[in-house]
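The first residue in the sequence is number 1, and the count goes up from there. As the structure is a prediction and not an experimental result, all values here were calculated from the model.
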Amino acid sequence: MSPPLASFAQLTEHPIVQAPMAGGVSTPALVAAVSEAGGLGSLAAGYKTPEAMYEEIRAVRRLTRRPFGVNLFLPQPDNADAAALSVYRDQLAGEAAWYETRLGDVDLGTDDAYDGKLAILYADPVPLVSFTFGCPSANVLSRFRRMGTLTVVTVTTVAEARAAEQAGADAVCAQGVEAGGHQSSHRDDPQQDGNSAQLGLLTLLGRLREAVALPLVAAGGLMTGSQIAGALVAGAQAAQLGTAFLACPESGASPLHKRALSDPLYTHTALTRAFSGRPARGLVNRFVREHGPYAPAAFPQVHYLTAGLRKAAAQAGDAQGMALWAGQGHRLVREMPAAELMATLTGEISLARERLAG
C-alpha cells in the first residue's frame with residue numbers, strides 16, 4: 001500500500017478540493033470543471049438515491065478523465081423526539097399556508113441509502129470517497145483501500161480524527177466552525193449548540209497535526225489563495241472550498257442564493273437547525289431568525305419537513321424563506337467560471353508563497 005500522503009497528493013495538480021455540497025449545488029459540470037483545472041471536484045451523494053448518484057458519476061466521467069470524489073452521509077440514529085417534531089410542524093403551519101405548499105413527510109428513513117451507495121461504489125470504484133456525519137467501519141475503509149479508492153473522513157475534533165485514523169482512513173478533512181453548510185460532527189449533541197468550544201480552522205489544524213499522522217484537508221471559510229496558503233503552512237496538504245464555488249455558473253445553487261452571498265442585506269452567518277434539524281451555517285434571514293431557536297435536533301427529519309417550504313420560497317423568489325448556506329467568508333465570493341476561479345486561486349497561492357519565501 002502506498003503511503004496515504006503521497007497517494008493523496010497524486011490526485012490533484014493543485015491543493016484545492018471543491019467541497020461536496022448536497023442539495024444540487026455540486027453538479028457534474030462543476031465537479032468536472034474543477035478537476036479539469038487541476039483541482040479535485042467532489043460529487044455530493046447526500047439526499048440522492050443510489051441510482052441518481054450513479055447517473056451523476058457517469059455524467060462526470062463523460063466530462064472529464066481527471067480524478068474526482070464522491071461524498072456519502074453516514075446513517076443517522078433514528079432517535080428524533082416525535083413530540084418535538086410535532087410541535088415544530090405546528091409552528092411551520094403558517095409558512096406552509098403562506099407559500100401554499102405542504103409540509104413534508106418526516107418518516108423517510110435516516111440511513112440515506114448508505115448501503116446501496118456503497119454497493120455501487122464497490123462495483124464501480126471512483127478515485128476518492130469522503131464521509132460526512134460520522135466514521136465508517138474499518139471493514140468499509142479497508143475494502144475501499146483494497147480497490148484503490150482513497151478515503152477521507154470529515155472531522156471537527158481531535159477525538160473524531162483519532163477515531164478515523166484508528167478505523168483506517170487515508171486522510172481527514174478538518175472542518176472549522178467557519179464552514180458553510182452542515183457541521184460534520186460525528187455525534188449531534190444539542191447540548192453543544194452555541195458552545196464556544198467549537199474550534200476554528202487554524203486551531204483545529206494545529207491540534208490535529210499534533211494528534212494524528214494522517215494527511216489533513218483544511219475546510220472552513222477559505223475563499224482566497226492567500227488563505228489556502230495559510231492553511232498549507234498550518235499543516236494541511238490541501239484546502240477544501242465550498243462557498244467560493246457557489247457563485248460559479250456551473251454551480252447548481254439558485255440565482256437567489258448566489259446573489260445573496262454579496263447582498264448587503266445579509267450581514268452575517270449563523271449556525272441553525274431551522275432547515276434540517278442539524279447545525280448548519282447559512283446567511284441569517286427571516287426563517288432563521290423566526291424558527292432557528294425552536295427547531296428540534298432531528299436530522300434528517302426536519303430536512304424532509306421543510307423541503308417543500310424551501311422549494312416554494314425559491315419558486316416565489318423569496319430568499320427570506322430559503323436555506324442560504326454560506327461560510328463566514330462569503331463576502332469574498334467571486335462570480336466567475338470554475339476554471340477561471342481555479343486559475344485565480346492558484347495564482348494567489350503562488351504569490352503568497354513568494355511573499356512567504358521573501
Side-chain angles (χ1 to χ4, degrees), residues 3-9 11-12 15-17 19-20 40 42 69 71 74 128-138 141 150-244 269-271 278-281 327-329 349 352-353 356:
L5 184 63
S7 298
F8 187 85
L11 283 183
T12 63
I16 299 172
V17 179
L40 185 73
S42 305
N71 177 260
L74 268 290
L128 181 144
V129 174
S130 61
F131 300 89
T132 297
F133 303 146
C135 182
S137 70
L141 294 171
L150 295 178
T151 54
V152 180
V153 175
T154 309
V155 303
T156 61
T157 68
V158 169
E160 291 172 355
R162 285 175 172 158
E165 184 175 48
Q166 185 174 4
D170 293 313
V172 294
C173 177
Q175 186 194 50
V177 72
E178 307 95 330
H182 284 99
Q183 289 289 292
S184 299
S185 53
H186 293 188
R187 178 174 174 266
D188 182 19
D189 182 2
Q191 299 301 318
Q192 297 297 316
D193 287 3
N195 191 333
S196 59
Q198 292 174 298
L199 297 179
L201 176 58
L202 291 181
T203 299
L204 181 59
L205 284 174
R207 293 185 63 179
L208 294 186
R209 191 176 181 184
E210 297 296 321
V212 299
L214 295 176
L216 307 177
V217 179
L222 302 175
M223 299 291 290
T224 67
S226 60
Q227 292 173 324
I228 294 171
L232 299 178
V233 170
Q237 184 181 325
Q240 180 169 285
L241 285 68
T243 306
T269 65
L271 291 171
R278 215 180 202 276
R281 184 174 297 281
Q328 289 183 343
I349 293 171
R353 283 171 166 165
L356 286 170

I'd like to know if the side chain of Thr154 and the backbone of Phe131 have a donor-acceptor N/O pair within less than 3.5 Å.
yes

Side chains of Val158 and Glu210, heavy atoms from C-beta outward: is any pair under 4.5 Å?
no

Nearest heavy-atom neighbours spanning Leu202 and Ala234:
CD2-CB, 3.9 Å

Is there a side-chain contact between Arg207 and Leu199 (heavy atoms, below 4.5 Å)?
yes

To the nearest 0.5 Å, atom CG of Leu232 lies from atom CD of Gln227 at 12.0 Å

State, to 0.1 Å, how close Leu40 and Thr12 come at their nearest heavy-atom pair, and which atoms those are.
CB-CG2, 3.4 Å

Distance (rounded to the nearest 0.5 Å) between Leu208 CG and Thr157 OG1:
8.0 Å

Under the side-chain hydrogen bond (donor to acceptor under 3.5 Å, both in side chains) test, residues paired with Ser42 that sit two or more places apart
none

Under 3.5 Å, side chain of Glu178 to main-chain N/O of Leu201, donor-acceptor pair present?
yes

Would you give the length of the straight line joining atom CZ of Arg278 to atom OG of Ser185, rounded to the nearest 0.5 angstrom?
4.0 Å

Taking Arg209 for its side chain and Leu216 for its backbone only, find out whether a donor-acceptor pair lies under 3.5 Å.
no

Rounded at 0.5 Å granularity, tell me how far CG in Leu356 sits from CD1 in Ile349.
11.5 Å

Please name the pair of heavy atoms, one in Met223 and one in Gly329, separated by the smallest distance, quoted to 0.1 Å.
CG-O, 3.2 Å

Under the criterion side chain to side chain contact (heavy atoms under 4.5 Å, CB included), which of Leu150, Leu128, Leu141 is the partner of Asp170?
Leu150

Donor-acceptor pair, Gln237 side chain versus Pro215 backbone, under 3.5 Å?
no

When rounded to the nearest 0.5 Å, the distance separating CD1 of Ile228 from CD1 of Ile16 is 4.5 Å

Is there a donor-acceptor pair under 3.5 Å between the side chain of Arg281 and the backbone N or O of Gln183?
no

Minimal heavy-atom distance between Asp188 and Pro279, with the atoms involved, is OD1-CD, 3.5 Å

Check: Ser184 main-chain N/O paired with Gln175 side-chain donor or acceptor under 3.5 Å
yes

What pair of heavy atoms forms the shortest contact from Ala164 to Val172, and how long is it?
CB-CG1, 3.8 Å

Do the side chains of Val212 and Arg162 get nearer than 4.5 Å, heavy atoms only?
yes

dist Leu214:CG -> Glu165:CD (nearest 0.5 Å) comes out at 4.5 Å

Please report the closest heavy-atom contact between Ala236 and Leu205, naming both atoms and the distance.
CB-CD2, 4.2 Å

